[in-house]
Q: 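Have a look at the structure that comes next, please.
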Amino acid sequence: QVQLVESGGGLVQAGGSLRLSCAASGRTFSNYVMAWFRQTPGKAHEFVGAIGWGGGRTDYANSVKGRFTISRDNAEETVYLQMDNLKPEDTANYHCAASTRTYISVWSRDYAYWGQGTQVTVSS
């Protein structure tokens with residue numbers, strides 16, 4: 001089992017930037033595909049981006065492509081989400097998640113481990 005703890009959320013104006021971090025502990029971090037999802041009240045988790053074991057493969061939702069960058073540091077057991085040019089519609093609770101699958105999945109059901117989330121609010 002792996003434990004995930006997110007940090008870095010907050011309130012930012014539209015056009016601003018935030019960097020989210022997700023610290024992992026428990027099992028070997030490099031064995032997991034890591035992803036970021038976001039959720040607003042009453043809605044299901046929405047895929048934001050994911051990164052493969054070694055960091056060489058990434059995938060992003062079309063809504064964030066070109067604005068968000070996901071990266072990982074396996075030595076520090078941390079995954080990051082750099083969010084630039086933020087928009088009000090990016091407002092959500094952002095969760096990191098871990099999967100033992102060998103491929104990047106955009107489906108929340110493929111991720112067995114989840115953090116509690118960190119709130120991002122973008123004002124217009």
Side-chain angles (χ1 to χ4, degrees):
Q1 187 155 344
V2 62
Q3 291 78 43
L4 304 172
V5 179
E6 303 95 335
S7 62
L11 174 64
V12 64
Q13 288 188 329
S17 297
L18 281 175
R19 188 193 196 203
L20 306 184
S21 299
C22 173
S25 61
R27 293 285 183 88
T28 305
F29 178 72
S30 59
N31 289 347
Y32 293 89
V33 169
M34 299 299 297
W36 287 94
F37 287 80
R38 62 190 182 186
Q39 189 176 31
T40 53
K43 294 191 176 181
H45 282 104
E46 176 191 6
F47 175 77
V48 175
I51 187 165
W53 297 341
R57 294 176 297 137
T58 56
D59 193 14
Y60 297 94
N62 287 333
S63 60
V64 307
K65 202 169 291 184
R67 299 188 297 122
F68 290 11
T69 304
I70 190 169
S71 61
R72 67 189 295 163
D73 184 333
N74 285 344
E76 295 295 324
E77 298 187 324
T78 303
V79 62
Y80 303 97
L81 183 67
Q82 177 67 40
M83 305 186 294
D84 298 317
N85 191 21
L86 281 160
K87 303 176 180 180
E89 51 263 44
D90 294 320
T91 295
N93 196 256
Y94 283 70
H95 298 258
C96 69
S99 169
T100 57
R101 297 185 185 271
T102 59
Y103 55 87
I104 288 176
S105 172
V106 303
W107 304 107
S108 59
R109 62 175 178 260
D110 289 332
Y111 292 83
Y113 305 104
W114 292 79
Q116 291 298 307
T118 185
Q119 179 68 31
V120 171
T121 303
V122 184
S123 63
S124 58

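Values reported hereafter were calculated over all heavy atoms of this structure, with side chains retained and with hydrogens, waters and symmetry mates removed. The shown structure was predicted, so the numbers you read here are calculated from the model rather than taken from an experiment.
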Q: Measuring only between side-chain heavy atoms, which start at C-beta, is Val120 closer than 4.5 Å to Leu20?
A: yes
Q: Could you give all pairs that pass the salt bridge (charged side-chain N to carboxylate O under 4.0 Å, His left out) test and reach residues 66-83, with sequence neighbours left out?
A: Arg67-Asp90
Q: Between Glu46 and Val64, is there a side-chain heavy-atom distance shorter than 4.5 Å?
A: no
Q: Does the Asp84 side chain pair with the main chain of Gly66, one donor and one acceptor, at a distance under 3.5 Å?
A: no
Q: So, Thr78 side chain and Ala23 main chain: donor-acceptor pair closer than 3.5 Å or not?
A: no
Q: Same cluster or not: are Tyr94 and Ile104 linked, directly or through other Ile, Leu, Val, Met, Phe, Trp or Tyr residues, by side-chain heavy atoms under 4.5 angstrom apart?
A: no
Q: Using only atom types and a distance under 3.5 Å, with no angle test, would you say the side chain of Gln13 pairs donor to acceptor with the backbone of Ser123?
A: no
Q: If you compare all heavy atoms of Gln3 against all heavy atoms of Gln1, which two are closest, and at what distance to 0.1 Å?
A: NE2-CG, 3.8 Å
Q: Does Ile51 share a hydrophobic cluster with Tyr80, counting links as ILVMFWY side-chain heavy atoms below 4.5 Å and allowing steps through other members?
A: no
Q: Does Phe68 have any ring pair (Phe, Tyr, Trp, His ring centres under 6.0 Å) partners at least two apart in sequence or in another chain, and if so, which?
A: none
Q: Which residues pass the side-chain hydrogen bond (donor to acceptor under 3.5 Å, both in side chains) test with Thr100, sequence neighbours left out?
A: none
Q: If you take all heavy atoms of His95 and Gly115, which pair is closest and at what distance?
A: ND1-O, 3.1 Å
Q: Given 3.5 Å as the limit, does a donor-acceptor pair link the side chain of Trp53 with the main chain of Ser30, or not?
A: no
Q: Is any side-chain heavy atom of Thr91 closer than 4.5 Å to a side-chain heavy atom of Gln119?
A: yes
Q: Do you reckon Val33 sits in the same ILVMFWY cluster as Phe29, going by side-chain contacts under 4.5 Å, direct or chained?
A: no
Q: Which heavy-atom pair separates Leu4 from Ala24 by the least distance, and what is that distance?
A: CD2-CB, 3.7 Å
Q: Do the side chain of Ser99 and the main chain of Arg101 share a donor and acceptor less than 3.5 angstrom apart?
A: yes
Q: Step by step, work out the side-chain contact (heavy atoms from CB on, under 4.5 Å) result for Gln82 and Ser17.
A: CA-CA 8 Å; Gln82 177 67 40; Ser17 297; 4.0 Å; yes
Q: For Tyr103, which fellow cluster members are found when Ile, Leu, Val, Met, Phe, Trp and Tyr are connected by side-chain heavy-atom distances below 4.5 angstrom, either directly or through intermediates?
A: none
Q: Is there a path of hydrophobic side-chain contacts, each under 4.5 Å between heavy atoms of I/L/V/M/F/W/Y residues, joining Tyr113 to Val106?
A: no
Q: Just wondering, do Glu6 and Ser21 contact through their side chains at under 4.5 Å, heavy atoms?
A: no
Q: Do you know which two heavy atoms are closest between Gly8 and Thr118, and how far apart they sit?
A: N-OG1, 4.1 Å
Q: Looking at every non-hydrogen atom in both residues, tell me the closest pair between Cys22 and Met34 and how far apart they are.
A: SG-CE, 4.4 Å
Q: When you look at Val12 and Thr121, which way does the side-chain contact (heavy atoms from CB on, under 4.5 Å) test go after all the steps?
A: CA-CA 6 Å; Val12 64; Thr121 303; over 6 Å; no
Q: Tyr111 and Trp107: same hydrophobic cluster, using ILVMFWY side-chain contacts below 4.5 Å?
A: yes
Q: In residues 54-63, what donor-acceptor pairs under 3.5 Å come from side-chain atoms, sequence neighbours left out?
A:
residue : atom : partner : partner atom : Å
Tyr60   : OH   : Ile70   : N            : 2.8
Asn62   : OD1  : Lys65   : NZ           : 3.3

Q: Could you list the residues that satisfy ring pair (Phe, Tyr, Trp, His ring centres under 6.0 Å) with Trp114, not counting sequence neighbours?
A: Phe37, His45
Q: How close do Ser105 and Phe47 get, counting heavy atoms only, and between which atoms?
A: O-CE1, 3.7 Å
